[in-house]
Amino acid sequence: MSEHKEYAALLGYSGHALVVAEAALSNATRLKGYLELERKQENPYQLDFLGREVDLISPETSGFDQILLGIGDNVIRRRSAQLLRAKGFKICSVAHKDSLVSDMAIIHAGAFIARGAIINPLAEVGQDAIINSGAIIEHGVVVGSGSHIAPGAVICGEVLIGEMCFIGAGAVIKQGVKIGDGAVIGGGGVVLTDVPTKERWLGVPAMKKP
């Protein structure tokens, strides 16, 4: 599912970016190098250092126009993606070859689907969202732009997740629940009712926390 013409640049080169790199390479994406604040001493994929994204001028002067988002923090990820789009770069979606994505699902530009994730029919994953390792996105679920579904989370059918949300590792969202923009669900939480915008919920069953 990785989108590319010839070469792509990886934004970031640690932590989450290494997972994205592996997923891209699993689909034969040709990585030209990585964009970072400075050259990394450790270079597990033997990629060229391409400088900082803020210094890029345009695809024409950079020698590539495809960007893969390797930033896990959804606020920084979203901000960087918007900056690069404004400069004319294409932000690509990436899915590991060992993920299962229905042909009837909609995956928007910049989304990342990690190894072992499952995206079922009529689900929609928004722009720049992350569906991390082993997460399950059931039928009819909408994951809003910039949201991050952490490893092992289970999002049951017809759930609506707003923009810039974080659903923690191993969390379970009951069928039909609505999660407001910017909400945070703690790891292992079980959400049985709607969660308002920007609230933080934890526990089993999950409840609002200060």
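Being a predicted model, the structure only gives us computed values, none of them experimental.
Distance alone, capped at 3.5 Å, places no donor-acceptor pair between the D181 side chain and the T197 backbone. Between the side chain of D48 and the backbone N or O of L50 there is no donor-acceptor pair closer than 3.5 Å. Without hydrogens or angle criteria, S62 side chain to S58 main chain gives a donor-acceptor distance under 3.5 Å. With hydrogens and angles disregarded, a donor-acceptor distance shorter than 3.5 Å links the side chain of N27 to the backbone of A95. A donor-acceptor contact shorter than 3.5 Å is absent between the side chain of S93 and the backbone of A109. Listed for the S133 side chain is no donor-acceptor partner under 3.5 Å among the backbone atoms of G116. In this structure, the side chain of K40 does not engage the main chain of S14 through any donor-acceptor pair within 3.5 Å. A donor-acceptor pair under 3.5 Å is absent between the side-chain atoms of K97 and the main chain of A28, judged by distance alone.
Atom CD of Q46 is surrounded by more than 12 heavy atoms from other residues, nucleotides or ligands within 6.0 Å. Sparse packing is recorded around NZ of K174, with 12 or fewer heavy atoms of other residues, nucleotides or ligands lying under 6.0 Å away.
Taking every heavy atom of both residues into account, L31 and Y7 meet most closely at C-CD2, 4.3 Å. Taking both residues in full, the closest heavy atoms of Y34 and G12 are given as CB-O, 4.1 Å, listed atom of the first, atom of the second, then distance. Taking each heavy atom of S147 and G162 in turn, the nearest pair found is OG-O, 2.7 Å. The heavy-atom pair separating N74 from G146 by the smallest distance is CB-O, 2.9 Å. Across all their heavy atoms, A150 and G168 have their closest contact at CB-C, 3.5 Å. The shortest heavy-atom contact between G70 and V20 is CA-CG2, 4.2 Å.
Annotation: side chain of I167 is not in contact with side chain of V143 (no heavy-atom distance under 4.5 Å). V94 has its side chain out of reach of T29: every pair of non-hydrogen atoms, C-beta onward, lies at least 4.5 Å apart. Residues D128 and R85 meet the side-chain proximity criterion, which asks for heavy atoms closer than 4.5 Å. Side chains of E158 and H139 form a contact here, defined as non-hydrogen atoms less than 4.5 Å apart. In this structure the side chain of L18 reaches within 4.5 angstrom of the side chain of Y45, judged on heavy atoms. Side-chain contact between Y13 and L47 is present, with heavy atoms from C-beta onward closer than 4.5 Å. At least one side-chain heavy atom of I130 sits less than 4.5 Å from a side-chain heavy atom of H16. Side-chain contact between V159 and V191: absent, with no pair of heavy atoms (C-beta onward) separated by less than 4.5 Å.
L10 and F49 end up in the same hydrophobic cluster when Ile, Leu, Val, Met, Phe, Trp and Tyr side chains are linked at under 4.5 Å. Linking Ile, Leu, Val, Met, Phe, Trp and Tyr residues whenever their side-chain heavy atoms come within less than 4.5 Å places I149 and V101 in a single cluster. Note: the hydrophobic cluster containing I118 also contains V172 (ILVMFWY, side chain heavy atoms under 4.5 Å, direct or indirect links). If you chain together hydrophobic residues whose side chains sit under 4.5 Å apart, L35 and V75 never meet in one group. Linking ILVMFWY residues whenever their side-chain heavy atoms come closer than 4.5 Å, directly or via other members, places I91 and L56 in the same cluster.
Evaluated for a side chain to side chain contact (heavy atoms under 4.5 Å, CB included) with I155, the options I136, I161, I131 yield exactly one hit, I161. Exactly one residue among I179, L160, V177 makes a side chain to side chain contact (heavy atoms under 4.5 Å, CB included) with D194. That residue is V177.
Aromatic ring pairs are classed by plane angle as parallel below 30°, tilted from 30° to 60° and perpendicular above 60°; the pair F166 and H148 is perpendicular.
A distance of 9.0 Å separates CD of Q82 from CZ of R79, quoted to the nearest 0.5 Å. From I71, atom CD1 reaches atom OG of S80 across 4.0 Å, with rounding to the nearest 0.5 Å. Rounding to the nearest 0.5 Å places CD1 of I119 at 4.0 Å from CD1 of I113. One finds the CG atom of L69 at 10.0 Å from the CZ atom of R78 (value rounded to the nearest 0.5 Å). For the atom pair CD1 of I173 and CH2 of W201, the computed distance is 10.0 Å after rounding to the nearest 0.5 Å. Separation of atoms NZ (K209) and CG (L202) is listed at 6.0 Å; rounding is to 0.5 Å.
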Audit row: R115, D98, salt bridge (charged side-chain N to carboxylate O under 4.0 Å, His left out) steps and yes/no:
CA-CA 5 Å; R115 182 198 298 271; D98 292 333; 3.2 Å; yes
